[in-house]
Amino acid sequence: MNLTNPTFAVNLFMMELVPRIKEIVQSVLDQNYHLRMESEAILVNETKPEFTGDYTVVLFSISKTLKINPDIMGEELGESMLNAQPGLFRSFNIIKGFLNLVITDGILCDFLESRYEDPGYGFKPSNSGRVMVEYSSPNTNKPLHLGHLRNNFLGWSVAALYRANGYTIIKTCIANDRGIHICKSMLAWKLFANGATPGSTGIKGDHFVGDFYVLFSKALKNEVALLEAGGMSRELAEKEAPLMKAAQEMLLAWEAGDPDTIALWKKMNNWVYEGFEITYRRIGSDFDKIYYESETYLLGKDLVEEGLNKHVFYRKDDGSVWIDLREDGLDEKIVQRSDGTAVYITQDIGLVVRKYEQYHMDRSIYVVADEQNYHFKVLKLICQKLQLPSAVGIFHLSYGLVELPSGRMKTREGNVVDADDIIDEMNRIAEEHTNELGKVEGFTKEERTELYDTIGLGALKFFLLRVDPKKRMVFNPDESIDFRGFTGPFVQYTYARIRSILRKETVGKLYADQALPLLPLEKAVILALEKYEGLLHTACQEMNPSLVANYAFSLAKIFNSFYVEHSVGRAESDHKKQLRIRMCMLTSTVLRSATGLLGIRVPERM
RNA sequence: GGCCCCGUAGCUCAAUUGAAUAGAGCAUUUGACUACGGAUCAAAAGGUUUCAGGUUUGAAUCCUGACGGGGUCACCA
């Protein structure tokens, strides 16, 4: 920041434009009409391109309460705003109920000057808030697939958004490492593997175990078919099949601590963890704390007692314990089996308590697919009824499944897009494109490998994060993920081009008044940059990384339009050149920052 | 069947939470490298926002109904 520059007045306390416009509207309304309006009630939009202006105040709601014709009122409002802030507004116009405001070039230049050197632009200083994000939470009986990747990228990114907004974050994961599904792959291995291991076969551990899980499903299907052919109902056949009975026995043996079973369980889970570790490292998922279901599944038992004492729960004649949620529009829900063992939801309540005891977070976010909406509704409700202090902070970040054109993925049926496969595929395509374009002469082998990874993963992460998390999305394996248009590589490419300019140009003094007026594309880029701080706030509040992806794309797009139209190196004047170097610097900062929040790296060259 | 989501260009997705003529990318068509990097840019074409009513100055968005798709209603996790 250059405070000594006499031609340049930097406003250290400058707010973001939109809140500032709202504030001015508020104070003018108060002064002129003695009307106090909440800032949320004032609607300030970006002006549509077909009209003159940068921001637009929608007048209807204001004129309605004032009972004045919107056009007359808008005229008065615009006049007063312009008089109050001549440094901020250059002009205004009214078109049938909309007050369009033109922002001065000076204020945008001030903004640019005050931010262009700040690598942390948009980030908030730390506050005292603590946020836990639980994500990924894999089962240890099969490898990760595309759906898990959406979960991982989302959770990681939401955590990053909270951190950018000043919160302390705790990333957690619960490994679903026990239960009947785990026993199924264990049993299949025992029966069919002949002692084979990942080491002896060269198969990645999680895939190796997953193969046996699939094998179990197939073998079970055959048994069931046989029983059904013998006249048994499907339902009964599924219970009575010898393989299913054996798996259940194994689960009992596990719970009883049978040494052989435990040893096998440990061995196979470790194979899976070794496989996961490779994948997690590749995609950049990391956790501050991993919980294991095998260590937490007994939690929640004392809470059942507590619930009974508080008359939140009640016991049925067979000894099972329930909660009645019918008054809340839900059903009766079991919280403890008649044999005294905890069910899934009880374990979850137990874990809620344990997490809170360990971390005292204000908010606990669960990144879990929307098929569990009901479960989390119940979970939060029970915690509230038990008056747990942790109940308030529970938030289910419910995201839609990734589907194939043929419908949803099912591991047991084998129609899944495997995570490792798709990452390899993306790397391969990145390599292909890069070599076609021939732009990486002089790169070492390591640099090339890293570049392919940056681009391939960038494309994949962007693809999964650009969609509103709440919505289901479709992935078509026959059409590979694009590298052009609304994609990660598009943003990365824009960044690399800017870096290429900045390697050649150096920043010097800017005499703003001589660089003005701003050309339309210069103004458009700076206006876009100005929105970043507000965007980070919204994206965090809504826990929605897709807003960041959309923003990064639109910024890159508008910058590219500017780039082809105006030269930096051969600008019309040295003043323009200095202005544009600053635009380049801040744009590259924001692109790196925004993609960084999505877990996407940017290359210096590509 | 009860409850909860969803339906927007051929395809994949937006739409500042009720605002102006519903926007992008891909695919299609046309144009731009003797310009800091063409993974780019400029442009064309593509829509009765599933349908029918209603509320409102204003509806893709809110209400009612129909049709279509998904999820969930376990002493599974």
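Below, read A as the first sequence line, B as the second, and so on, with proteins coming before strands; counting in each chain starts at 1.
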In whole angstrom, give me the gap between the [atom1] atoms of [N] and [M].
| N | M | atom1 | result |
| --- | --- | --- | --- |
| C4(B) | G10(B) | C1' | 31 Å |
| A14(B) | U50(B) | P | 15 Å |
| A44(B) | A27(B) | C1' | 15 Å |
| A15(B) | G53(B) | C1' | 25 Å |
| A74(B) | C51(B) | C1' | 38 Å |
| A24(B) | A43(B) | C1' | 15 Å |

Would you call Tyr374(A) stacked on C4(B), i.e. ring centres under 5.5 Å apart with the planes less than 30° off parallel? no
Taking [atom1] from [X] and [atom2] from [N], how many angstroms apart are they, rounded to a whole number?
| X | N | atom1 | atom2 | value |
| --- | --- | --- | --- | --- |
| Asn373(A) | C73(B) | CG | C1' | 13 Å |
| Asp370(A) | G70(B) | CG | C1' | 9 Å |
| Arg408(A) | C5(B) | CZ | P | 18 Å |
| Glu235(A) | C76(B) | CD | C1' | 13 Å |
| Tyr399(A) | C5(B) | OH | P | 20 Å |
| Asn176(A) | A77(B) | CG | P | 11 Å |
| Met583(A) | C36(B) | CE | C1' | 14 Å |
| Ile349(A) | A77(B) | CD1 | P | 13 Å |

Side chains of Asp482(A) and Thr487(A): is there a donor and an acceptor less than 3.5 Å apart? no
Looking only at side-chain N and O atoms, does His375(A) offer a donor or acceptor that is under 3.5 Å from a partner on Asp348(A)? yes
Do the charged groups of [X] and [Y] touch, with an N to O distance under 4.0 Å?
| X | Y | result |
| --- | --- | --- |
| Glu425(A) | Arg428(A) | yes |
| Arg326(A) | Asp324(A) | yes |
| Asp328(A) | Lys377(A) | no |

Check for me whether the distance between the ring centres of Tyr297(A) and Trp254(A) falls short of 6.0 Å. yes
Could you pull out all residues at least two apart from Lys22(A) that satisfy side-chain contact (heavy atoms from CB on, under 4.5 Å)? Val18(A), Ser39(A), Ile42(A), Val44(A)
Quick one: which of U40(B), A42(B), C76(B) gets closest to the side chain of Ile180(A)? C76(B)
Side chain of Val343(A): nearest nucleotide among C41(B), G37(B), A77(B)? A77(B)
Under 3.5 Å, which donor-acceptor pairs link side chains of residues 92-101 of chain A to any protein atom two or more places apart or in another chain?
| from | atom 1 | to | atom 2 | distance (Å) |
| --- | --- | --- | --- | --- |
| Asn93(A) | OD1 | Asn100(A) | ND2 | 2.9 |
| Asn93(A) | ND2 | Thr52(A) | O | 3.0 |
| Asn100(A) | OD1 | Thr56(A) | OG1 | 2.7 |

Describe the nucleic acid contact of [X] in one word from base, sugar-phosphate, nothing, applying a heavy-atom distance below 4.0 Å.
| X | answer |
| --- | --- |
| Ile455(A) | base |
| Met473(A) | sugar-phosphate |
| Glu604(A) | base |
| Tyr563(A) | base |
| Arg472(A) | base |
| Val474(A) | sugar-phosphate |
| Ala496(A) | base |

Per-nucleotide protein contact along nucleotides 14-29 of chain B, 5' to 3', at a 4.0 Å heavy-atom cut-off (B base, S sugar-phosphate only, - neither), is S-BB-BBS--SSSS--
For A77(B) and Arg337(A) - does any side-chain N or O of the residue sit under 4.0 Å from the phosphate oxygens OP1/OP2? yes
Side-chain N or O of Ser500(A) closer than 4.0 Å to phosphate OP1/OP2 of G37(B): yes
Got a minute to check which stems RNA chain B is part of, using Watson-Crick or G-U wobble pairs under 3.5 Å, three or more consecutive? B:1-7 with B:67-73, B:10-13 with B:23-26, B:28-32 with B:40-44, B:50-54 with B:62-66
Arg580(A) pairs by salt bridge (Lys or Arg N to Asp or Glu O under 4.0 Å) with which of Glu505(A), Glu565(A), Glu572(A)? Glu572(A)
Apply salt bridge (charged side-chain N to carboxylate O under 4.0 Å, His left out) to Glu46(A) and Lys531(A), showing your working. CA-CA 11 Å; Glu46(A) 285 163 40; Lys531(A) 286 172 195 148; 3.3 Å; yes
Testing the basics here: between Glu240(A) and Lys245(A), what is the closest heavy-atom pair and its distance to 0.1 Å? OE1-NZ, 3.2 Å
Does anything in residues 326-336 of chain A reach RNA chain B, meaning a heavy atom under 4.0 Å, and if so which residues? Asp331(A), Ile334(A)
Glycosidic conformation of U17(B), syn or anti, with 90° from 0 as the boundary? syn
Closest-nucleotide 5' rank along RNA chain B - winner of Glu293(A) and Phe475(A): Phe475(A)
What pairs of residues pass the ring-ring contact (aromatic ring centres under 6.0 Å, His included) test when at least one of them lies in residues 457-477 of chain A, not counting sequence neighbours? Phe462(A)-Phe486(A), Phe463(A)-Phe475(A)
Think Arg605(A) forms a cation-pi with Phe443(A), using NZ or CZ under 6.0 Å from the six-ring centre and within 45 degrees of its axis? no
For atom NE2 of His566(A), decide whether the heavy atoms of other residues, nucleotides or ligands shown that lie under 6.0 angstrom number more than 12. yes
